[in-house]
S.K.: 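Just dropping this structure here.
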Amino acid sequence: MFTGIITDLGTISEISPGEAAARFKIITSYPTDTIDMGASIACNGCCLTVTEKGPDWFAVDASQETLDKTTLGAWTAGAKINLERALKFGDELGGHLVSGHVDGVGQITAIREEAGSKRYTVAPPPELMKFIAAKGSVTLDGVSLTVNEVESGTFGVNIIPHTQGVTTFGALAVGSALNVEIDLLARYVARLLPPLK
């Protein structure tokens with residue numbers, strides 16, 4: 001479980017075959033002696049298991065399903081990614097509860113300046129739109145965000161300068177793909193309600 005508060009910008013240094021479809025070696029500023037083998041780390045919002053580590057890096061394996069259903073299949077060596085270590089009981093819950101289970105891949109359709117911040121318009125997969133609510137929570141590339149407005153097939157989020165500087169959002173552009181995780185509460189409420197007509 002995570003909070004969507006990014007605590008490091010990692011760099012993919014190597015991509016190779018692993019125990020699954022791909023192994024990613026990630027350079028990090030985390031003290032790796034505090035990372036257990038088998039620990040969960042959210043990498044651009046995708047919960048992955050540490051399978052190897054060194055003095056300033058750790059490695060994670062991704063299955064073909066993960067490569068197909070997230071942005072991980074398009075990762076390249078040298079790319080920056082958002083990192084968050086798993087939540088511990090007693091930690092501050094600064095964002096919202098995030099599972100690290102990506103629901104789909106969205107795309108940025110517009111970016112505009114707005115009073116020092118940037119307003120990003122995002123088009124998620126159409127089947128996820130029913131889970132997106134104005135003033136609700138959404139996770140994009142692992143970042144906990146508040147939804148500002150919802151249109152027929154898009155929604156908007158504001159990215160303040162701090163978030164632009166400490167996450168990958170500062171380097172994103174129109175057309176960039178994003179891992180989307182809907183709010184956990186929305187997921188379970190929808191499961192309990194009859195299907196929408």
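All figures in this text were calculated on a predicted structure; none of them were measured in a lab. For the single chain, residues carry numbers from 1 onward in sequence order.
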S.K.: Answer yes or no: is there an ion pair linking Arg23 with Glu52, defined by an N-O contact shorter than 4.0 Å?
M.R.: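 Salt bridge flag = yes for Glu52 with Arg23.
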S.K.: Flag yes if Val102 and Ile12 sit in one hydrophobic cluster, no otherwise; membership is Ile, Leu, Val, Met, Phe, Trp, Tyr, and two members link when side-chain heavy atoms are under 4.5 Å apart.
M.R.: no
S.K.: Under a 3.5 Å threshold, yes or no: a donor from one side chain and an acceptor from the other, between Lys80 and Thr11?
M.R.: yes
S.K.: Would you compute the distance between atom CG of Leu48 and atom CD1 of Ile41 and round it to the nearest 0.5 angstrom?
M.R.: 9.0 Å
S.K.: What's the verdict on side-chain contact (heavy atoms from CB on, under 4.5 Å) for Leu9 and Thr168, showing C-alpha distance, side-chain angles and the deciding distance?
M.R.: CA-CA 8 Å; Leu9 265 181; Thr168 57; 3.7 Å; yes
S.K.: Please check this pair: side chain of Asp141 against backbone of Asn179, looking for a donor-acceptor N/O pair closer than 3.5 Å.
M.R.: yes
S.K.: Kindly work out whether a path of hydrophobic side-chain contacts (I/L/V/M/F/W/Y, heavy atoms less than 4.5 Å apart) joins Val60 to Leu72.
M.R.: yes
S.K.: Between atom CG of Asp103 and atom CG of Leu128, what is the distance when rounded to the nearest 0.5 Å?
M.R.: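 Reported to 0.5 Å precision, the distance equals 5.5 Å.
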S.K.: List the atom of Ala177, the atom of Val105, and the distance in Å for their closest heavy-atom pair.
M.R.: CB-CG1, 3.8 Å
S.K.: According to a 4.5 Å side-chain heavy-atom criterion applied to Ile, Leu, Val, Met, Phe, Trp and Tyr, with indirect links allowed, do Val143 and Ile160 form part of one hydrophobic cluster?
M.R.: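 No, Val143 does not connect to Ile160 through the hydrophobic network.
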S.K.: Any side-chain heavy atom of Phe169 within less than 4.5 Å of one from Leu145?
M.R.: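 Result yes, sub-4.5 Å side-chain heavy-atom pair found.
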S.K.: How close do Leu97 and Leu184 get, heavy atom to heavy atom, and via which atoms?
M.R.: O-CD1, 3.7 Å
S.K.: Drop me the distance from His101's NE2 to Met1's CE, to the nearest 0.5 angstrom.
M.R.: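 Answer rounded to 0.5 Å: 8.5 Å.
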S.K.: List the atom of Thr70, the atom of Cys46, and the distance in Å for their closest heavy-atom pair.
M.R.: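 Minimum heavy-atom separation between Thr70 and Cys46: CG2-SG, 4.4 Å.
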S.K.: Start with the C-alpha distance between His96 and Thr139, add both sets of side-chain angles, then the distance that settles side-chain contact (heavy atoms from CB on, under 4.5 Å), and finish with yes or no.
M.R.: CA-CA 9 Å; His96 71 283; Thr139 308; 3.2 Å; yes
S.K.: Tell me if the aromatic rings of Tyr30 and Phe58 count as close, with their centers under 6.0 Å from one another.
M.R.: no
S.K.: Does a donor on one side chain and an acceptor on the other come within less than 3.5 Å for Asn82 and Thr167?
M.R.: no
S.K.: Under the rule for side-chain hydrogen bond (donor to acceptor under 3.5 Å, both in side chains), what residues qualify as partners of Gln164, not counting sequence neighbours?
M.R.: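 Once residues adjacent in sequence are excluded, Gln164 has no partner under the side-chain hydrogen bond (donor to acceptor under 3.5 Å, both in side chains) criterion.
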S.K.: Please report the interatomic distance CG(Leu178) to OG1(Thr71), rounded to the nearest 0.5 Å.
M.R.: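 Taking CG in Leu178 and OG1 in Thr71, the distance rounds to 8.0 Å.
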S.K.: For residues Glu84 and Gly142, report the shortest heavy-atom separation together with the two atoms involved.
M.R.: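 Scanning both residues completely, I find the closest heavy atoms to be OE1-O, 4.4 Å.
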S.K.: Just do the side-chain contact (heavy atoms from CB on, under 4.5 Å) check on Asn44 and Trp75 with the steps written out, would you?
M.R.: CA-CA 11 Å; Asn44 265 17; Trp75 282 2; 3.8 Å; yes
S.K.: My understanding is that only one of Thr7, Thr34, Asp8 makes a side chain to side chain donor-acceptor pair (under 3.5 Å) with Arg85; could you say which?
M.R.: Thr34
S.K.: What pair of heavy atoms forms the shortest contact from Val147 to Ala133, and how long is it?
M.R.: CB-O, 3.3 Å
S.K.: Identify the heavy atoms of Val157 and Val138 that sit nearest to each other, and give their distance.
M.R.: CG1-CG1, 4.3 Å
S.K.: For the backbone of Gly100 and the side chain of Glu181, can you confirm whether one donor and one acceptor N or O come within less than 3.5 Å of each other?
M.R.: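 Here the side-chain-to-backbone pair exists.
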S.K.: Drop me the distance from Ile159's CD1 to Leu172's CG, to the nearest 0.5 angstrom.
M.R.: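 The distance works out to 8.5 Å.
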S.K.: Are Val166 and Leu83 connected in the hydrophobic side-chain network, where two residues link if heavy atoms are under 4.5 Å apart?
M.R.: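 No, it is not one cluster - the side chains of Val166 and Leu83 are not joined through contacts under 4.5 Å.
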S.K.: Within the side chain of Ser63, is there an N or O that forms a donor-acceptor pair under 3.5 Å with the backbone of Thr66?
M.R.: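 Such a contact is found between Ser63 side chain and Thr66 backbone.
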S.K.: If you group Ile, Leu, Val, Met, Phe, Trp and Tyr by side-chain heavy-atom gaps below 4.5 Å, do Val98 and Ile182 land in one group?
M.R.: no
S.K.: Does the Thr49 side chain pair with the main chain of Ser40, one donor and one acceptor, at a distance under 3.5 Å?
M.R.: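 Not at all, since once roles are kept as given, no pair shorter than 3.5 Å links the two residues.
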S.K.: Without swapping roles, check the side chain of Ser176 against the backbone of Ala173 for a donor-acceptor pair under 3.5 Å.
M.R.: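 The answer is yes, because a donor-acceptor pair under 3.5 Å joins these two groups.
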S.K.: In residues 107-119, what donor-acceptor pairs under 3.5 Å come from side-chain atoms, sequence neighbours left out?
M.R.:
unit_1: Gln107; atom_1: NE2; unit_2: Gly175; atom_2: O; d: 3.3
unit_1: Thr109; atom_1: OG1; unit_2: Thr121; atom_2: O; d: 3.4
unit_1: Arg112; atom_1: NH2; unit_2: Glu114; atom_2: OE2; d: 3.2
unit_1: Glu114; atom_1: OE1; unit_2: Arg119; atom_2: NE; d: 3.4
unit_1: Glu114; atom_1: OE1; unit_2: Arg119; atom_2: NH2; d: 2.8
unit_1: Glu114; atom_1: OE1; unit_2: Asn158; atom_2: ND2; d: 3.4
unit_1: Arg119; atom_1: NE; unit_2: Asn158; atom_2: OD1; d: 2.4
unit_1: Arg119; atom_1: NH1; unit_2: Glu149; atom_2: OE1; d: 2.4
unit_1: Arg119; atom_1: NH2; unit_2: Asn158; atom_2: OD1; d: 3.3

S.K.: For Ala22, enumerate each residue passing the side chain to side chain contact (heavy atoms under 4.5 Å, CB included) test, keeping only those at least two apart in sequence or located in another chain.
M.R.: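 Ala22: side chain to side chain contact (heavy atoms under 4.5 Å, CB included) contacts with Phe24, Leu67.
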S.K.: Roughly how far, to the nearest 0.5 Å, is the SG atom of Cys43 from the CD1 atom of Ile26?
M.R.: 4.0 Å
S.K.: Output, in order, the C-alpha distance, side-chain angles, deciding distance and verdict of side-chain contact (heavy atoms from CB on, under 4.5 Å) for Phe2 and Leu87.
M.R.: CA-CA 5 Å; Phe2 306 92; Leu87 178 67; 5.7 Å; no
